[in-house]
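Inspection log for the structure reproduced underneath, given as structure tokens.
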Amino acid sequence: MSTVWGKAASPGLGRRPLLVLWACLRLCSATAGGRGGGSPWDEHYGTKSRYRAVDDGEEGGAGPSWRPPARCVQLHLSGLIRHGTRYPTSRNVPRMAEAHRLVKERADVRLGLVRDLAAWRMWYDRRMDGRLHRLGASEMAALAERLSAGFPRLLQPERERLKFLTSSKHRCVNSTISFIRGLEGGSGSSPGPGLGGRWQVDDGLLRFFDTCHKFVRQVGNNDTALHQVDMFKQGPEMGRVVGKMAKKLGVSPDAISIDVVEATFYLCTYEFILKGIVSPWCDLFDKKDAEVLEYLGDLKQYWKRSYGYEINGLSSHKLFQNIFQYMDQTIEENERNQTISHPAVLRFGHAETLLPVLTLMGYFQDERPLLASNFEEQRNRKFRSGRISPLAANLILVLYQCHEAQSLGEKYKLQLFLNERPLPFPQSGKLVSDYDEVKNHYQHLIDTLKFSNVCEFASREELDSAQHDDL
């Protein structure tokens with residue numbers, strides 16, 4: 001199986017020498033401006049944001065802190081990992097092409113920015129269709145190496161007992177393979193003989209949003225479910241973004257659709273995350289525009305994957321139960337002095353997989369919901385999808401056995417990490433908690449009997465309500 005779709009088309013061919021020089025100067029300028037050489041808007045790219053490992057970010061190069069609790073040993077690791085950096089999907093490539101076509105056919109060529117944009121070569125292709133980029137493969141291998149170094153007891157010996165589950169999407173399968181390769185000490189994209197083929201596709205767990213009927217009918221296929229998003233698109237903030245973009249292109253605002261604005265921001269985004277350059281597409285926006293477009297993306301994620309509807313979080317209940325089932329099994333085997341069947345279970349999915357689980361757990365909930373009308377009020381919101389679930393995002397749960405415990409309840413402890421940073425438990429604010437305490441807090445979600453029908457409609461009235469509710 002091919003792990004990576006292929007190399008990106010050479011960015012230099014077909015460009016004028018001055019445009020190449022311009023791009024180099026822009027990149028140098030971005031580097032000199034602080035932020036580690038990043039794009040000026042990279043903190044606003046939402047779920048398409050680059051992953052920042054701890055040793056590359058604001059932690060000052062200290063690296064991830066995997067320190068176990070005192071007098072405790074690692075017993076089990078459970079991971080939920082989003083795929084690595086990918087190409088744009090076949091759904092977005094035509095929109096990006098439309099934005100480029102608008103510039104070439106309708107924009108004012110007397111403007112320098114328009115000439116730069118027209119000279120840019122459209123190299124994105126439908127065949128890329130969201131496939132894993134070589135950077136994504138490297139991200140997965142590097143994450144595996146860091147986790148292996150941090151949890152050697154669980155990820156290094158007897159690797160045939162490790163379990164890997166993945167979404168069927170090629171970017172997830174190839175992320176799994178790249179992660180396995182990283183565990184084996186390689187950076188390539190093909191697993192060696194030790195772990196190759198030891199992964200399983202499980203869309204029921206990792207693409208639950210396709211199979212949870214209640215979610216599909218109440219949110220996924222409900223035309224009014226994203227009413228707040230639609231209102232924001234027609235609101236004054238987006239109107240100002242369109243107006244400024246039209247002025248920079250020398251066209252009427254009526255010529256620019258919201259789809260074109262989003263596609264243009266995608267062009268700015270992908271040129272940075274895939275090639276590391278600040279492209280002229282970014283010059284169509286300023287910081288305020290980027291903040292508005294980030295909020296638009298967060299509104300979509302909030303109402304479709306998070307707190308907008310209760311079913312968004314509940315739809316992930318089987319995955320959430322699966323995580324605790326493996327930890328329960330580990331404790332049972334340990335109490336019987338048996339070999340632990342699976343020291344680690346790694347699951348590879350999507351932003352749409354991770355966000356509902358974190359929602360179900362009660363993380364990143366603001367006091368007031370995200371609405372089309374409260375952009376300014378939500379500037380300091382907790383729900384920032386790019387910080388929660390960037391490309392290669394990961395939620396790691398580590399179960400420990402602790403010595404000198406006074407009771408069975410104190411014997412097993414749990415620690416959480418989100419994107420390699422310790423994550424406090426919502427019920428206590430502690431970084432390490434007794435396993436029983438955590439399980440009791442989530443018992444109503446873990447209990448299979450209570451939630452066996454969570455994805456089914458209880459009545460015809462509920463179905464009618466879901467189809468006709470107007471937010």
Among Leu155, Leu165, Leu80, side-chain contact (heavy atoms from CB on, under 4.5 Å) partner for Leu346: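 The single option meeting the side-chain contact (heavy atoms from CB on, under 4.5 Å) with Leu346 is Leu155.
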Ring centres of [X] and [Y] under 6.0 Å apart?
X      : Y      : result
Tyr326 : His342 : yes
Trp303 : Tyr309 : yes
Tyr295 : Phe375 : yes
Tyr307 : Phe383 : no

Would you indicate whether the side-chain heavy atoms of [Y] and [X] approach each other to under 4.5 Å?
X      : Y      : result
Thr264 : Val260 : yes
Leu445 : Met361 : no
Leu416 : Phe425 : yes
Phe320 : Leu314 : no
Asp42  : Arg52  : yes
Leu143 : Glu420 : yes
Phe208 : Pro356 : yes
Ile258 : Met238 : yes

Cationic tip of Arg50 above Tyr45 ring, under 6.0 Å, 45° of axis: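 No, a cation-pi geometry is absent between Arg50 and Tyr45.
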Face-on cation placement of Arg347 at Phe164 ring, 6.0 Å and 45° thresholds: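 Ring-cation test returns no.
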Glu352/Lys304 under salt bridge (Lys or Arg N to Asp or Glu O under 4.0 Å): CA gap, chis, key distance, verdict: CA-CA 9 Å; Glu352 297 91 336; Lys304 194 166 186 178; over 6 Å; no
Hey, are [Y] and [X] close enough side-chain-wise for a donor-acceptor pair under 3.5 Å?
X      : Y      : answer
Ser257 : Asp259 : no
Asp203 : Ser168 : yes
Gln329 : Glu333 : yes
Gln200 : Thr166 : no
Tyr124 : Asn92  : no
Ser385 : Asp298 : yes
Tyr302 : Arg381 : no
Gln401 : Tyr435 : no
His350 : Arg207 : yes

Set of salt bridge (charged side-chain N to carboxylate O under 4.0 Å, His left out) partners for Glu335, sequence neighbours left out: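 Checked Glu335 against salt bridge (charged side-chain N to carboxylate O under 4.0 Å, His left out); matches are Lys411.
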[X] side-chain N/O to [Y] backbone N/O, donor-acceptor pair under 3.5 Å:
X      : Y      : answer
Arg217 : Cys212 : no
Arg421 : Asn419 : yes
Gln74  : Tyr400 : no
Arg82  : Thr47  : yes
Asp366 : Pro369 : no
Asp434 : Glu437 : no
Tyr87  : Tyr270 : no
Ser175 : Gly84  : yes
Thr359 : Leu355 : yes
Ser138 : Arg134 : yes

Minimal non-hydrogen separation, Ser389 against Ala393, with atom names: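 Heavy-atom minimum between the residues: CA-CB, 3.7 Å.
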Does the distance from a Lys or Arg side-chain N to an Asp or Glu carboxylate O, for [X] and [Y], drop under 4.0 Å?
X      : Y      : answer
Arg146 : Glu139 : no
Lys214 : Glu456 : no
Lys288 : Glu237 : no

Verdict with supporting geometry, Glu43 and Lys287, salt bridge (Lys or Arg N to Asp or Glu O under 4.0 Å): CA-CA 10 Å; Glu43 64 179 306; Lys287 182 174 177 58; 3.5 Å; yes
side-chain contact (heavy atoms from CB on, under 4.5 Å) evaluation trace for Cys402 with Tyr412: CA-CA 6 Å; Cys402 299; Tyr412 298 99; over 6 Å; no
Worked verdict on Lys439 versus Asp328 for salt bridge (Lys or Arg N to Asp or Glu O under 4.0 Å): CA-CA 10 Å; Lys439 189 174 177 183; Asp328 284 346; 2.7 Å; yes
Neighbour count >12 (heavy atoms, 6.0 Å) for atom CD, Glu377: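 Above 12, so yes.
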Distance in Å, Leu395 CG paired with Leu423 CG, rounded so as to fall on 0.5 Å steps: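 Atom-to-atom, Leu395:CG and Leu423:CG are 7.0 Å apart.
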Verdict with reasoning, Thr211 to Cys455, per side-chain contact (heavy atoms from CB on, under 4.5 Å): CA-CA 8 Å; Thr211 56; Cys455 283; over 6 Å; no
